Amino acid sequence: MSLIFDRVDVELYRAEVQKPRYTDAELAERLGVEPEEVRERRKRLADARLLQRIDEDAWVARSPQAAADALLADEEEELERRRRELARRKEELLALTADYLDARRLRSSTGLVEVLHGVETVRAALTELAALCSRSVDSMVPGGAQSEEAVRAALPLDRALLDRGVALRSLFLDSARSHPGTHRYLKELRRAGGEVRTAALLPTRMLLYDGATAVVPLDPRDSALGAVVVHDRPLVTLLSDLFHLYWTQAAPHPPADSGGDLNELERSVLRLMAAGQLDEAISRQIGLSVRTTRRIISQLSARLGACSRFQAGVLAVARGWVD
């Protein structure tokens, strides 16, 4: 039932509030419509619980709050019943958590290595590991270009981790730079706060969660076959060292700009930006118009990949562009 009322509906309702015993003919004359239309509109307002007929010639207007309570009470009661039912079902499902975790530990004879078969099983495990990690996720992604579907699915998950304060470090092949979709993903990941580097060669696909759990494919040539989840401390340490070795030898994405071609004017602007000076103050000190100064600031910020003028100054100092 539509609850959108036009001007005539509103005027009729106001009239009923003011005088409960209008006849159809009186209301028709007041509103400039036919008596039959008045009867139809009264019925519509009654269906919305805004009017209540008390006898043949009298209608009583109800407040919108009373009408809403009368009209929606049954639906609100049903919603509350559904909420209680959903809460009960959730509680019943969560009661199996201890059994699930215990069974997970018993997948292998030692409980330190889990073998997962099939893509869906692996995805479920990765979702759980991502939800439980609190400090860091390191990933090694060989294979160069990533599919558009994979890129679209990964970025929201990466942002959710970063929003929780989880540090992300991602290693890709150098060839990923030449693939437009993957290149955009890496830029967005960096912009969101993740660290990205690329290397000429990477030995295998790998994920490391909080430095305590590692995930590697069952077969590096076919990741769809499944994966191995490693909890064994010595093995995880070995894989972490392997990641660190490739990470330290990899190149930042994009390659770091040394700032060696900056002129003295640009360096002066960066120093003043790092000091927190406003555009107008900088323009006075370097003797240029505010418009020209802002253009220089914009160019320097873009080159640094900064989101704000102050961040640009801080990044310039961090990269050694200025003292």
Side-chain angles (χ1 to χ4, degrees), residues 1-97 120 123-124 127-128 130-131 147-166 181 184-185 187-189 191-193 278-279 294 298 307-309:
M1 178 180 65
S2 173
L3 294 179
I4 299 175
F5 305 108
D6 60 19
R7 181 189 60 80
V8 178
D9 289 328
V10 174
E11 289 302 319
L12 189 153
Y13 176 65
R14 289 172 62 90
E16 297 283 16
V17 173
Q18 294 167 14
K19 181 182 175 182
R21 290 186 177 272
Y22 271 118
T23 65
D24 291 344
E26 288 173 331
L27 274 177
E29 182 179 355
R30 174 170 176 166
L31 300 174
V33 298
E34 295 297 320
E36 179 62 29
E37 184 175 345
V38 169
R39 286 189 286 273
E40 291 176 357
R41 288 179 180 271
R42 271 178 158 169
K43 182 179 183 307
R44 184 162 174 268
L45 291 174
D47 289 342
R49 305 297 195 273
L50 287 165
L51 290 182
Q52 182 178 1
R53 193 167 198 164
I54 56 176
D55 59 39
E56 186 66 25
D57 299 318
W59 295 77
V60 174
R62 307 171 79 174
S63 71
Q65 181 63 54
D69 290 343
L71 184 65
L72 304 177
D74 290 345
E75 294 184 33
E76 289 180 341
E77 184 177 345
E78 175 62 18
L79 283 174
E80 181 59 31
R81 187 191 69 78
R82 287 288 297 154
R83 276 194 289 267
R84 291 195 299 268
E85 176 66 13
L86 290 173
R88 182 186 64 79
R89 291 184 180 181
K90 183 176 181 180
E91 185 176 349
E92 290 174 350
L93 288 170
L94 292 178
L96 295 171
T97 301
E120 293 305 320
R123 284 177 180 168
T127 299
E128 180 182 344
S147 69
E148 292 291 339
E149 180 183 359
V151 166
R152 284 194 300 270
L155 194 55
L157 301 176
D158 293 335
R159 285 175 172 155
L161 285 167
L162 290 165
D163 289 343
R164 284 169 39 207
V166 176
R184 283 194 302 273
Y185 164 67
K187 287 177 63 177
E188 289 297 323
L189 181 56
R191 189 174 289 115
L278 299 177
D279 298 351
R294 285 176 176 162
S298 177
C307 299
S308 68
R309 51 192 309 287

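Worth saying up front: this structure is predicted, and the values here are computed from it rather than measured.
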Task: Sub-4.5 Å side-chain heavy-atom contact between Arg62 and Leu50 - done: no

Open item on the list: Please enumerate all residues that pass side chain to side chain contact (heavy atoms under 4.5 Å, CB included) together with Lys43, with sequence neighbours excluded.
Closed with: Asp47

Task: Between CZ on residue Arg83 and CG on residue Leu86, distance to nearest 0.5 Å - done: 9.5 Å

TODO: Flag yes if more than 12 heavy atoms outside Glu29 fall under 6.0 Å of its CD atom; otherwise flag no.
DONE: no

- [ ] Kindly indicate whether the side chain of Arg89, heavy atoms from C-beta on, has any atom under 4.5 Å from the side chain of Glu85.
- [x] yes

Open item on the list: Using side-chain heavy atoms (C-beta onward) and a distance below 4.5 Å, is Ile54 in contact with Trp59?
Closed with: no

- [ ] Would you name the heavy atoms of Val17 and Ala61 that are closest together and state the gap between them?
- [x] CG2-CB, 3.6 Å

Open item on the list: Under the rule for side chain to side chain contact (heavy atoms under 4.5 Å, CB included), what residues qualify as partners of Asp6, not counting sequence neighbours?
Closed with: Val8, Asp9, Arg41

- [ ] Just jot down the side chain to side chain contact (heavy atoms under 4.5 Å, CB included) partners of Arg7, sequence neighbours excluded, or say none.
- [x] Glu11

TODO: Taking all non-hydrogen atoms of both residues into account, name the closest pair between Thr23 and Arg42 and its distance.
DONE: C-NH1, 4.2 Å

Open item on the list: Side chains of Glu16 and Leu27, heavy atoms from C-beta outward: is any pair under 4.5 Å?
Closed with: yes

Open item on the list: Using only atom types and a distance under 3.5 Å, with no angle test, would you say the side chain of Thr127 pairs donor to acceptor with the backbone of Arg123?
Closed with: yes

Open item on the list: Quick check for you: to the nearest 0.5 Å, what is the distance between Leu72 atom CG and Leu79 atom CG?
Closed with: 9.5 Å

Task: CD/Glu36: more than 12 non-hydrogen atoms of other groups inside 6.0 Å - done: yes

- [ ] Could you tell me which non-hydrogen atom of Ala67 sits nearest to which non-hydrogen atom of Arg49, and how far apart they are?
- [x] CB-O, 3.2 Å

Open item on the list: I'd like to check the salt bridge (charged side-chain N to carboxylate O under 4.0 Å, His left out) partners of Arg14; sequence neighbours left out, ordered by chain and number.
Closed with: none

Task: Which residues share a side chain to side chain contact (heavy atoms under 4.5 Å, CB included) with Glu77, sequence neighbours left out - done: none

Task: Basic-acidic side-chain contact under 4.0 Å: Glu92, Arg88 - done: yes

Open item on the list: Tell me the closest heavy-atom pair linking Ala28 and Glu34, and the distance in Å.
Closed with: CB-C, 3.8 Å

Open item on the list: Regarding Glu26 and Arg30, does a basic nitrogen lie under 4.0 Å from an acidic carboxylate oxygen?
Closed with: no

TODO: Please examine the side chains of Tyr22 and Leu12, heavy atoms only from C-beta on, and report whether any two atoms are closer than 4.5 Å.
DONE: no

Task: By salt bridge (charged side-chain N to carboxylate O under 4.0 Å, His left out) - contacts of Glu75 (at least two apart) - done: none

